Amino acid sequence: MLDINFIRENRALVKKGMQNKGEKNIEIVDQVLQKDEEWRSMVTRVDRLRAEGNKKAKRIGELMGQGKREEAQKIIKETGDNKIEVKKLEADLSELQDQRDQLLYQIPNVPDNSVPVGHSEEDNQVFKTWGEPADTNWMLPHWEIAADKNWIDFDRGSKVTGAGFPFYIGQMARLQRSLINFFLNEAVEKGFTEIQAPYFVNEDSARGTGQIPDKEDMMYTIPRDGFFAIPTAEVPVTNFHRDEILSLEELPIFYTAYTPCWRREAGSYGKDVRGLNRLHQFDKVELVKFVHPDNSEAELETLREYAESLLEKLNLPYRTLLMCTGDMGFTQTKKYDLEVWSPGQRRWLEVSSCSNFGSFQARRMQLRFKNEKGKTEMVHTLNGSGLALPRIVASILETFQTESGDVRIPEVLQPFMSCERI
RNA sequence: GGAGGGAUGGCAGAGUGGUCGAAUGCGGCGGUCUUGAAAACCGUUGAGGCGCAAGUCUCCGGGGGUUCGAAUCCCUCUCCCUCCGCCA
């Protein structure tokens, strides 16, 4: 969420940001400021009453200590009304605060200046392209290759769990394991600390990174225990430092984590769901950064470059999009998507998304650090996929398929696969 | 799953109804001394809200209650530890 004082001082900017992100409910900014106004005046009232009560209680203590019972009793009698009044106003106060915060939660992060304004994916800017997308007729889509080789079993996945939960078999299981190892090794080499995270999180964590309340429906739930199956490692890893005050020297902190990811993908049935394009469970290596506010812009660029380097090492043609305001999401200030070329489908597939959240997540999580002046300040958080597996697998199968039906293995994966083709 | 014990500032650890946001020690920061450092000594050192400020309020795991007054008493939840049972 945004800082209420920031909104107070930048009302127009926040509104413009909302507009650019395609939010209809711009008046919410005025509403939240109105509520804040009410809340603040209520705080003053309550504090004044509490101060009065405190003073009396203190005086009573003194008198009791001196053995002046009667005088004390006299003051005790006076306190009754004040006490009732305070109780009532405290209730009002917390209600006002709830109302204010609920509005606050509905205000999205303000896009960075460098983000192009636009409504839909058509307005995203192609930031970079790399490699030469193959465009020939003979190349098969990955699901046909996988079916030929009996590498992926979608039907049995459906039987055992449901659509979007495939089995990977033999060399395909090994390919996935190789990719995970490759991605983790690369990240560790770049200074990311490898961490293994829980696959379920509680409600506070889901709120901390912004899945609640904005994207609640994306997650699978375990209601009996109040857990959510993680839709990305971002959630547990970013929440790792929730409610902490880090020291200046600890920053920046870089983590990488492999986890499965679960997404309900409600509402997207029937759309681009062929093969590995869209699954309910998939594997991903995630990168998370906690940085000094001064550095988050630059850190986003290095994060993007790092993710791009992985695709280059795999020799997969890709393009990088700078997402426009309307397509970037609620919590981000700026976001890049990396899309790999799928020659069998002749389309781009998103395999990474690198985002800067500024202090938006940190504020929800109360994740702070002591700055140069010794003051506590919100850290900035970023994350990026490095990378999501299924579409990488799809692209590898399609890009490196041979006319004999085999698939060549990218050189960087050969040590993990112990072979050059499968 | 059963029984018991616990949760206090960066850490350790006192505090069981009254001036306690909290002793003391360690750690951190500043200073004295020193060529420099160490030691010693002195001082300082939690987070947050409202307010131009003076100031004031809140926070001793979370929530609720008793009381003029709660870190301290009661209820409840969560987590941790010990023992028993079960178990990859």
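From a predicted model like this one, the values you see are computed outputs, not experimental measurements. Within every chain, numbering begins at 1; the chains are lettered A, B, ... in the order of the sequence lines, protein sequences first and strands thereafter.
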Taking 4.0 Å as the cut-off, does a side-chain nitrogen or oxygen of [X] come that near to OP1 or OP2 on [N]?
X     : N     : result
A/K58 : B/U19 : no
A/R59 : B/C68 : no
A/K55 : B/U56 : no
A/N54 : B/U56 : no
A/K87 : B/U66 : yes

Please give the distance between the [atom1] atoms of [N] and [M] as a whole number of Å.
N     : M     : atom1 : answer
B/G10 : B/G28 : P     : 15 Å
B/A70 : B/U19 : C1'   : 15 Å
B/G15 : B/C68 : C1'   : 23 Å
B/G6  : B/A54 : P     : 43 Å
B/G4  : B/C59 : C1'   : 30 Å
B/U66 : B/U72 : C1'   : 13 Å
B/G61 : B/C26 : C1'   : 24 Å
B/C79 : B/C41 : P     : 45 Å

Would you indicate which nucleotide in [options] comes nearest to any side-chain atom of [X]?
X      : options             : result
A/R50  : B/A47, B/G69, B/U58 : B/U58
A/K370 : B/G49, B/A47, B/G18 : B/A47
A/E62  : B/C50, B/C68, B/U19 : B/U19
A/A57  : B/G51, B/G69, B/U56 : B/G69
A/K83  : B/C50, B/U67, B/U56 : B/U67

Exercise for the section: Looking at every strand, decide which applies to A/I60 at a 4.0 Å heavy-atom threshold: base, sugar-phosphate, or nothing. Expected result: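 Base, at least one base atom sits under 4.0 Å.
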
Practice task
Determine the contact category for A/R368: base if any of its heavy atoms lies under 4.0 Å from a base atom, sugar-phosphate if only primed atoms, P, OP1 or OP2 are that close, otherwise nothing.
Solution key: sugar-phosphate

Practice task
Show the numbers, then the answer: is there a salt bridge (Lys or Arg N to Asp or Glu O under 4.0 Å) between A/K21 and A/E23?
Solution key: CA-CA 6 Å; A/K21 279 195 170 179; A/E23 300 276 342; over 6 Å; no

Who is the Watson-Crick or G-U wobble partner of [N], with both distances under 3.5 Å?
N     : answer
B/C79 : B/G6
B/C52 : none
B/G43 : B/C29

Practice task
With side-chain hydrogen bond (donor to acceptor under 3.5 Å, both in side chains) as the test, would you mind laying out the steps for A/Y336 and A/E301 before giving the verdict?
Solution key: CA-CA 9 Å; A/Y336 291 104; A/E301 302 308 316; 2.9 Å; yes

Exercise for the section: Kindly assign one of parallel, tilted or perpendicular to the pair A/H241 and A/Y255, based on the angle between their ring planes and the thresholds 30° and 60°. Expected result: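 If you compare the ring of A/H241 with that of A/Y255, the planes turn out parallel.
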
Problem - Cation-pi geometry met for A/R156 and A/F167 (6.0 Å, 45°) - result: no

Let me know the distance between [atom1] of [X] and [atom2] of [N], rounded to the nearest Å.
X      : N     : atom1 : atom2 : result
A/Q97  : B/C59 : CD    : C1'   : 13 Å
A/N202 : B/C77 : CG    : P     : 18 Å
A/D36  : B/G49 : CG    : P     : 12 Å

Problem - Non-hydrogen atoms of A/N124 and A/C324 that approach each other most closely - result: OD1-N, 2.7 Å

Problem - Side-chain donor-acceptor pair present, A/T209, A/E234, cut-off under 3.5 Å - result: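 Their side chains do not contain a donor-acceptor pair, so the 3.5 Å distance test is not met.
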
Exercise for the section: Measure distances between side-chain N and O atoms of A/D47 and base N and O atoms of B/G49, and say whether any donor-acceptor pair falls under 3.5 Å. Expected result: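 Yes, a donor-acceptor pair under 3.5 Å.
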
